[in-house]
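Have a look at the structure below before the remarks.
For reference, positions follow the sequence shown, starting with 1. Note that the coordinates shown come from a computational prediction; the quantities given were computed from them, not determined experimentally.
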Amino acid sequence: MSAPSRFDRGHTDDLMSFLAASPTPYHAVANAAERLEKAGFRQVAETDAWDGSAGGRYVLRGGAIIAWYVPEGADAHTPFRIVGAHTDSPNLRVKPRPDSGAHGWRQLAVEIYGGPLLNSWLDRDLGLAGRLSLRDGSTRLVDVDRPLLRVPQLAVHLDRSVNSDGLKLDKQRHMQPVWGLGDDVRDGDLIAFLEETAGIPSGEVTGWDLMVHSVEPPAYLGRDRELVAGPRMDNLLSVHAGTAALAAVAGRGSGLSHIPVLAAFDHEENGSQSDTGADGPLLGGVLERSVFARGGSYEDRARAFAGTVCLSSDTGHAVHPNYAERHDPTHHPRVDGGPLLKVNVNNRYATDGFGRAVFAAACEKAGVPFQSFVSNNAMPCGTTIGPITAARHGIRTVDIGVAILSMHSARELCGAKDPFLLANALVAFLDG
């Protein structure tokens, strides 16, 4: 990936394909792994012994992927340069007993995951995707990417105050999608349908992690197609950029003073506390095993971690033209203005002055402009995997991202150039 002297729409085209093909974290990491395999990476199992030879490797666990490239001549204490991101997005997820219904409607019982904009899921054609666990201990991905479900909104005639008093949604009563007609609702109907869809023998599915997604594909928007509308930009936009950057840096194969790493975690949207979340042991375990596989000691591990820097890449808020008063008056990030440097002195973001200098140097090297984001003092600030990574591993961490609108909607909006600019900044950072 060369310096962005001219916008390359091909990167954004590929992002749109990645978003469409990744309706769940499990699909996202499978697609990232496929891209890395083409760049020469190979999967290693956590249950196997690892060797410390040069080359690219990755670990898959559930909806998380950790990938790294060891250059020729790397020492046991060689530090890492990490791009961190997350694979999950707020959505509706299927409950353990999914089959329900009333008044002649077949419905699915769903639970709210994370903090979605609930209204964005209404009256939208929805598919169903996820991971099926089989009786023999294996898993299968499934994706019903067609209009299958819908959460119908109440007609205005039955809620005359909706446009004056606002829409009020009860998460339990109002968010259960319909998917057919009939009064004879039976336990097992949904799973039987998915077994047939996936070509799995009846009765073989004994567990599932299923979630709803919009089937409307990503699209360019605007007079000059300068915007992109699509699902799950928070935060598959960063996963895609990090994957592309790692593959590009590994393709050069030499001259690296650091070990470049991609760490894409699950469960950021509900606190990161899981075996595949940023607050779990996955990243630390992989980095330590990499050190030890190269013959390192605990002292080498400490030296490597002390020299390591992580860019926690997540989406951030572009100034909203209809709600500009909700933003800090002196910080108005714009779409296509380059990636954001995200700052919060109360450590909701991990960026400090050192981190700003690291990111500024990467952007200067890549020829990429960047912007600063800070919240309005009167508004609560969100957070990311950045502070978690810094605190859990003692790794210097910088929070960055791309400015978008409609964050946590079923369909978000970004500039067409920003994903490309972010990816180039990540290449320069991983290149060290």
Under 6.0 Å from the NZ atom of Lys95, do we count more than 12 heavy atoms belonging to anything else shown? yes
Heavy-atom count check: over 12 atoms from other residues, nucleotides or ligands less than 6.0 Å from Trp50 CH2? yes
Donor-acceptor pair, Thr389 side chain versus Ile385 backbone, under 3.5 Å? yes
Output the distance between atom CG (Leu227) and atom NZ (Lys417), rounded to the nearest 0.5 Å. 11.0 Å
Closest non-hydrogen atom pair, Ala264 against Ile66: N-CD1, 4.5 Å
Given side chains that start at C-beta, do those of Tyr113 and Asp88 come closer than 4.5 Å, heavy atoms only? yes
If you measure from the Lys or Arg side-chain nitrogens to the Asp or Glu carboxylate oxygens, is any gap between Asp14 and Arg35 under 4.0 Å? yes
Are any of the side-chain heavy atoms of Val228 and Leu413 separated by less than 4.5 Å? no
Take a 6.0 Å sphere around CD of Glu46 and say whether it holds more than 12 heavy atoms from other residues, nucleotides or ligands. yes
Could you label the plane-to-plane angle of the Phe359 and Phe370 rings as parallel, tilted or perpendicular, counting under 30° as parallel and over 60° as perpendicular? perpendicular
Trp208 to Pro98 - nearest heavy-atom pair and separation: CZ2-CD, 4.1 Å
Pairwise side-chain contact, Asn235 with Thr87, heavy-atom cut-off 4.5 Å (strictly under): no
Is the number of heavy atoms from other residues, nucleotides or ligands under 6.0 Å of Glu226 CD greater than 12? yes
Has Arg93 got more than 12 heavy atoms of other residues, nucleotides or ligands less than 6.0 Å from its CZ? yes
Considering only heavy atoms from C-beta outward, does the side chain of Val162 approach that of Lys168 to under 4.5 Å? no
Considering all heavy atoms of both residues, which atom of Arg252 and which atom of Val427 are nearest to each other, and what is their separation? NH2-CG1, 3.6 Å
Parallel, tilted or perpendicular: which fits the ring planes of His240 and Phe18, with parallel below 30° and perpendicular above 60°? tilted
Evaluate the side-chain proximity of Phe354 to Arg396: yes if any heavy-atom separation is below 4.5 Å, no if none is. yes
Val335 and Gly415: which non-hydrogen atoms are nearest, and at how many Å? CB-N, 3.9 Å
Go through the side-chain N and O atoms of Asp234 and Ser89 and say whether any donor and acceptor fall under 3.5 Å apart. no
Are any side-chain N or O atoms of Arg81 and backbone N or O atoms of Gly432, one a donor and one an acceptor, separated by less than 3.5 Å? no
Could you point out which residue of Thr384, Asp314, Asp266 forms a side-chain hydrogen bond (donor to acceptor under 3.5 Å, both in side chains) with His86? Asp314
Does Glu196 CD have over 12 foreign heavy atoms under 6.0 Å away? no
Which pairs, with at least one residue in residues 154-205 and sequence neighbours excluded, count as a ring pair (Phe, Tyr, Trp, His ring centres under 6.0 Å)? Trp179-Phe193
Apply side-chain contact (heavy atoms from CB on, under 4.5 Å) to residues His267 and Thr276 and explain how you reach the verdict. CA-CA 7 Å; His267 302 131; Thr276 54; 3.3 Å; yes
Per side-chain contact (heavy atoms from CB on, under 4.5 Å), Leu430 is matched among Val83, Leu311, Ile259, Ile82 by Val83
Looking only at non-hydrogen atoms, find the nearest pair between Leu237 and Leu15 and report the distance. CA-CD1, 3.9 Å
Only one of Asp184, Asp99, Asp183 passes side-chain hydrogen bond (donor to acceptor under 3.5 Å, both in side chains) with Arg106; say which it is. Asp184
